[in-house]
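Written out below as structure tokens is the structure these notes cover.
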Amino acid sequence: MRLLRLLLALALSALLVAGTVAAVSPYAREVALASRSETADIDLSALDDFAVRSYVYASDGSLLSTLHGPENREPLTLDQVPDTVKQSVLAVEDSDFYFHGGVNLRATARALLENVSAGSIEQGGSTITQQLVKNALLNSDQDLDRKSKEAMLALRLEEELTDEAEAAGAADPKRVAKDRILETYLNTVYFGSGAYGVQAAAEVYWGKSAADLDWAEAAMLAALISNPVGHDPTLNPDAARSARRAALDRLVDVEVLTSEQAQAFASAPLPESRCQVADATSVACGDLTLPPKEDYFAEEVKQLLLNDPSFGLGAEYLDRYNLVFGGGLRIFTTIDPAAQQAAVQAVNDNTPANSIGVTASMVAVEPSTGAVRAMVGGPGFDQFEYNIATHQPGRQTGSSFKTYVLLTALEMGNVPSDSIEGGGSFANPGGVPDPYRISGKGGTLTSVTTASSNGAFVRLGQVVGLDNVIDLAQRLGISSELAPVISLPLGTVETTPIEMASAYSTIANGGIHQPYYFIDRIEDRDGTVLWQRVPNGTRGFSQQTACLATEILEANVKSGTGTRARLSNQDAAGKTGTTEEHSDAWFVGYTPYLSTAVWMGNPNERVPMYSLGGKANFGGTYPAEIWHDFNETYHAGKPPIPFPACETTRSARKVRGPDDPSKAPGSSSSTGSSSSGSGSKRSPTSPSTTATTAPADPGDDEPDVVEPAPTTAAPPTAPPTITLPPPTTSPGRGGGD
């Protein structure tokens, strides 16, 4: 039987050699002529037209995330591939690679003989050049026509690359051509588990760079090429061990290893699990440093690249997808890893474990640039993919919205010591209830802010005009639909932490609003800059208004509702916010370095949260403590920067709105109706003088009682489709703290 099998193998080998020669010979003259015909040349660029994974980097240059589609690939130059890998692949796949012209008839016959003797496919007859041609230019059909084309194209490819190298003045054009073919092959061949090319395979199976693979690992790598699934050591260890031994034996046959060396390497352990570069379960896998698990920031960047054509990655979604996941892009972002770690730590340390599912979200924005330096989107991307920090419609802001009313009043020429009356009964034509009643004491702009008086701010909104408040909030980047309803100053409107942090950053930046952003620049795989952010700041209000608002909000941190946010070595300013039934709690504040918004609540729905972890839940408790801990860590080691001092020359008066005919000298606006909520929408200039701030009233965290808000407010826009449902909307009663 063995003799019969040998005779059959010899006969088939002879037939195959004859058939291959017959297949190739008729085209020999055509091949020679075609290689010199410009129209018949192989498109050599197709050899390099393969998907390459993209990288996302943090602001310090550290790797934040990798992005790839079905093909996970990171190309290497040939000199970056160690001899262990090159020799192993050549021994197993094409030991005569550097000696044939693209087709090796002897190897084809030998492979057939081995396969017949073994009773199965043990060796392939195609050269590395043929395999490359098949993968790059042809399909995988197993028929004579395809094999004939494969052989022809392999011959032409080697000839054209040799001619190209010769024209470039290479000393050994044939060697240069061969090296390019081998380099491309090692970067494109599939090794299983989504790994294309030797670098991705080394990472997936051993958690290391290809440069560090030893002979046992390189032999296993070479053995995977012929059967990536069947020889996968993490799935089929016995088959993998046998295939690796066969690869080591080939290295002995070609005199690269001795039998004793091969025997020693054959006993080396096989990998038992895989490392997934784009979705690592930890930051370390073997000896390779991998990026952390996908998180809110990385996902936000990815979605921006895919959905926003302004980055210049293509007009159509598919074009952008192909570039993001296969274009080898280098995306440089704004995230500060140290700040991000501090943010996560602050949220984790100050979010009480609670059966109602409380979570927190926060965003930190650099005032001078708009760069997002830290972002916590929720309880964890693996638990809750909906990014509370960025996705609309957001949550009710409570008294943290009062800052926009305050800014409007200051922009109209009022100063911190000017006074406003407290709550009362306000006409509300067409709304429910009518009249609208609200309690809360009056005082100076400073005192009603530090006490977070609802009544005073509802009245202030009526005096300065709610249309003017809306106009200013929108100039600062608040994109929610804002309606001029009486309860607007109490934060019945919904918005996101990122918009709140960005809007408040305008105060820290002297009235210049820098829109928040995530990406600094994008480069292609060759380092060419494809997109670069260009600053586009606009003035939201005057520098004087920014100074006076800071004076008031700093007082709120020192002695008002935001005292838990006070920092040990840096001036800070901010405002608390708590909505009806304490379902949403906020602290939004800033230093000259950073503007940070913190929200706490239930991620799925509005849930009463009067007490959490045995402590009353207000914007001035947990959110302020998160804000404090994060900023205390962030500012450690930074030189303290004081807030600017404001001019204080005008005496106090009653707060005036835009339509008061008796405006004071230097003021561009005056007091209007205290009940209509209307007023001309404009941005008057600020006075050059102001008065010394009056002492702040003692603040507490207890919100004033708020009557139901008018029913004329516009409904929130529908949220995007997400894994978990977005927050729902409750009646807009607002609150204060």
Side-chain angles (χ1 to χ4, degrees), residues 45-58 61-78 80-81 85 135-136 183-213 221 224 228 274-295 297-307 311-314 317-333 335 381 518-519 521-531:
S45 66
L47 298 179
D48 302 318
D49 188 20
F50 47 78
V52 177
R53 68 192 184 208
S54 297
Y55 293 100
V56 181
Y57 296 100
S62 61
L63 182 61
L64 181 66
S65 179
T66 58
L67 304 173
H68 67 78
E71 298 185 18
N72 174 20
R73 178 185 291 109
E74 173 59 22
L76 300 175
T77 59
L78 191 61
Q80 292 175 317
V81 181
V85 173
N135 294 334
E183 177 180 289
T184 306
Y185 177 80
L186 292 174
N187 283 320
T188 55
V189 68
Y190 183 53
F191 291 96
S193 299
Y196 287 79
V198 296
Q199 177 63 21
E203 294 167 351
V204 166
Y205 291 108
W206 293 281
K208 61 172 65 174
S209 171
D212 299 324
L213 295 177
L221 202 68
L224 282 163
R274 308 172 193 163
C275 300
Q276 296 298 333
V277 174
D279 209 9
T281 56
S282 64
V283 295
C285 185
D287 297 327
L288 189 71
T289 300
L290 300 180
K293 292 176 65 175
E294 191 140 16
D295 63 7
F297 186 89
E299 179 65 18
E300 194 74 24
V301 168
K302 182 174 72 176
Q303 293 303 323
L304 282 172
L305 296 172
L306 291 175
N307 295 304
F311 289 105
L313 302 183
Y317 182 89
L318 183 59
D319 296 331
R320 298 192 293 271
Y321 181 93
N322 289 336
L323 264 180
V324 170
F325 292 106
L329 302 179
R330 302 296 189 264
I331 301 114
F332 298 88
T333 73
I335 198 76
F381 192 78
F518 297 86
I519 301 171
R521 74 181 187 278
I522 303 171
E523 298 177 358
D524 66 13
R525 68 176 73 177
D526 298 320
T528 301
V529 176
L530 302 178
W531 182 88

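Just so it is clear, the values below take in all heavy atoms, side chains as well, and ignore hydrogens, waters and symmetry mates.
- For the pair Gly207 and Cys275, the tightest heavy-atom approach, listed with the atom from each and the gap, is CA-SG, 3.8 Å.
- Counting only distance, with no hydrogens or angles, the side chain of Arg73 and the backbone of Ala51 share a donor-acceptor pair below 3.5 Å.
- Residues Ser54 and Val324 approach most closely at OG-O, 2.7 Å, considering heavy atoms.
- Residues Ala201 and Leu221 share a closest heavy-atom pair of CB-CD1, 3.3 Å.
- Here the closest non-hydrogen pair linking Leu186 and Val189 is O-CG1, 4.3 Å.
- Using a 4.5 Å heavy-atom threshold, the side chains of Phe191 and Val204 count as separate.
- Between Arg525 and Phe50, the closest heavy-atom pair is NH2-O, 3.4 Å.
- Closest approach of Phe297 to Leu64, counting heavy atoms only: CD2-CD2, 3.6 Å.
- In terms of modelled atom types and a separation under 3.5 Å, the side chain of Gln199 and the main chain of Ala210 share a donor-acceptor contact.
- For the atom pair OG1 of Thr333 and CG of Leu304, the computed distance is 11.0 Å after rounding to the nearest 0.5 Å.
- Using a 4.5 Å cut-off on side-chain heavy atoms (C-beta onward), Lys302 and Phe325 make contact.
- Although no hydrogens or angles enter the test, the distance criterion places no donor-acceptor pair under 3.5 Å between the side chain of Arg521 and the main chain of Ile519.
- Distance check, rounded to the nearest 0.5 Å: OH of Tyr317 to CG of Asn307 gives 6.0 Å.
- Counting only heavy atoms from C-beta outward, the side chains of Leu530 and Phe311 never approach each other to under 4.5 Å.
- For the pair Arg320 (side chain) and Leu313 (backbone), a donor-acceptor distance under 3.5 Å is absent.
- Under the salt bridge (charged side-chain N to carboxylate O under 4.0 Å, His left out) criterion, Asp524 pairs with no residue at all, not counting sequence neighbours.
- Between Tyr57 and Phe332, the angle of the ring planes stays under 30°, which puts this pair in the parallel group of the 30/60° scheme.
- Of the inter-residue distances, the one linking Arg330 atom CZ with Thr528 atom OG1 reads 12.0 Å to the nearest 0.5 angstrom.
- By the 4.5 Å heavy-atom criterion applied to side chains, Leu306 and Tyr321 are counted as neighbours.
- A heavy-atom distance below 4.5 Å is found between the side chains of Leu76 and Asn187.
- Residues Val52 and Glu74 have side chains in contact (heavy-atom distance under 4.5 Å, counting atoms from C-beta outward).
- Atom CZ of Phe381 sits about 10.0 Å away from atom CD of Glu300, to the nearest 0.5 Å.
- Ser193 places no side-chain N or O within 3.5 Å of a backbone atom of Ala195 that could act as its donor or acceptor partner.
- Checking Thr66 against Arg53 by side-chain atom types alone, no donor-acceptor pair falls below 3.5 Å.
- The shortest distance between side-chain heavy atoms of Leu224 and Tyr190 does not fall below 4.5 Å.
- Leu329 places none of its side-chain heavy atoms less than 4.5 Å from the side chain of Leu305.
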